[in-house]
Amino acid sequence: MGRVLEYLTTRLAAGAVHFTLIDPEKSGGERAAEVAAGAVALGSDVILLGGSTGISPQGMDSTAKAVKRAVTVPVVIFPEGPSSLTPAADAVLFMSLLNSRNLDLVIRVHARAAPAIRTMGLEPIPMGYLVIAPGMKVGEVGRVDVVPREDLALAQGYALAAQYLGMRMVYLEAGSGAPSPVPAAMVRAVREVVSVPVIVGGGIRTGADARTLLEAGAQVLVTGTVTEEEGLGRGFHDILAEVRRTRGS
Ligand code: 1GP
């Protein structure tokens with residue numbers, strides 16, 4: 001097992017985990033480093049870099065370097081494609097967009113990126129990425145057949161298939177900036193059938209959102225927009241308080 005996956009496994013044994021998503025195109029370099037340091041001080045476990053389309057390799061590289069200088073937690077790439085890769089990060093979510101109609105995003109781009117990942121020495125974390133309605137921008141650009149919010153059986157099927165294919169995590173994504181997160185009932189249904197960790201992201205803005213998802217069984221929460229819009233304000237503090245509570249601290 002790679003070092004970052006091992007770190008996550010250890011953290012997950014103690015409670016829930018939080019990933020802070022920072023978009024190098026929106027807050028790059030030292031701004032990203034500042035947000036990352038503040039987020040980690042509040043208990044965030046991983047800094048994820050990525051998010052929008054058109055992130056330049058230089059932007060990703062300089063931001064990863066700045067964030068690495070600022071925090072000791074893993075810096076992980078949430079890739080848009082091979083141009084998102086940099087050896088300055090610790091790992092990359094090696095993710096298949098399970099419900100895309102675009103085969104590039106299911107597997108073909110992975111074949112192009114894999115040799116570079118190997119050369120860079122980046123740890124790939126195999127992950128199934130499933131977009132739930134509304135899906136927002138990733139739903140559109142990813143040419144996704146979004147999973148309807150009430151179709152729990154479809155989400156279960158995809159999540160189980162990801163696990164059976166050997167993926168080490170499953171990410172239920174409502175889309176960045178979604179008006180509401182993935183339904184708690186869907187998180188619960190997916191947790192019932194898979195044993196790999198369930199990551200939930202998209203539209204988590206408040207402590208109440210976080211608590212609902214954690215109670216439903218989400219093991220990793222990802223937030224991006226809340227810090228982009230409010231910095232490390234009330235929403236972020238409340239979300240991290242809910243995550244920390246699962247650890248009994
Ligand atoms: C996006 O799930 C992440 O991929 C985060 O979403 O920006 O809505 O927090 P938000």
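All figures in this text were calculated on a predicted structure; none of them were measured in a lab. Order of listing sets the numbers, starting from 1, for every ligand and every atom in it. Positions are given from 1 along the sequence.
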| query | Nearest to atom 10 (P) of ligand 1, what protein heavy atom do you find, and at what distance? | reply | Thr225 OG1, 3.4 Å

| Quick check: does any side chain N or O of Arg149 sit under 3.5 Å from a backbone N or O of Ala133, one acting as donor and the other as acceptor? | yes

At less than 4.0 angstrom from any non-hydrogen atom of [X], what atoms of ligand 1 do you find?
X      : value
Phe78  : 4 (O)
Thr223 : 9 (O)
Glu173 : 1 (C), 2 (O), 3 (C), 4 (O)
Gly203 : 8 (O), 10 (P)

| request: Show the numbers, then the answer: is there a side-chain contact (heavy atoms from CB on, under 4.5 Å) between Leu93 and Val76? | output: CA-CA 7 Å; Leu93 296 179; Val76 178; 3.9 Å; yes

| task | Assert yes or no for the condition that the ring centre distance of Phe78 to Tyr171 is strictly below 6.0 Å. | result | yes

Salt-bridge contact [X]-[Y] (side-chain N to carboxylate O under 4.0 Å):
X      : Y      : result
Arg211 : Asp238 : no
Glu6   : Arg3   : no
Arg69  : Glu30  : yes
Glu34  : Arg31  : yes

| Among Tyr171, Tyr129, Phe19, whose heavy atom sits nearest atom 3 (C) of ligand 1? | Tyr171

| request: Look at atom 8 (O) of ligand 1 and find which of Gly224, Gly201, Gly177 reaches it with the closest heavy atom. | output: Gly177

| said: Looking only at distances, can you tell me whether any N or O atom of Gly202, backbone or side chain, sits closer than 3.5 Å to an N or O atom of ligand 1? | reply: yes

| task | Could you establish whether Val226 and ligand 1 come within less than 4.0 Å of each other, counting only heavy atoms on the residue side? | result | no

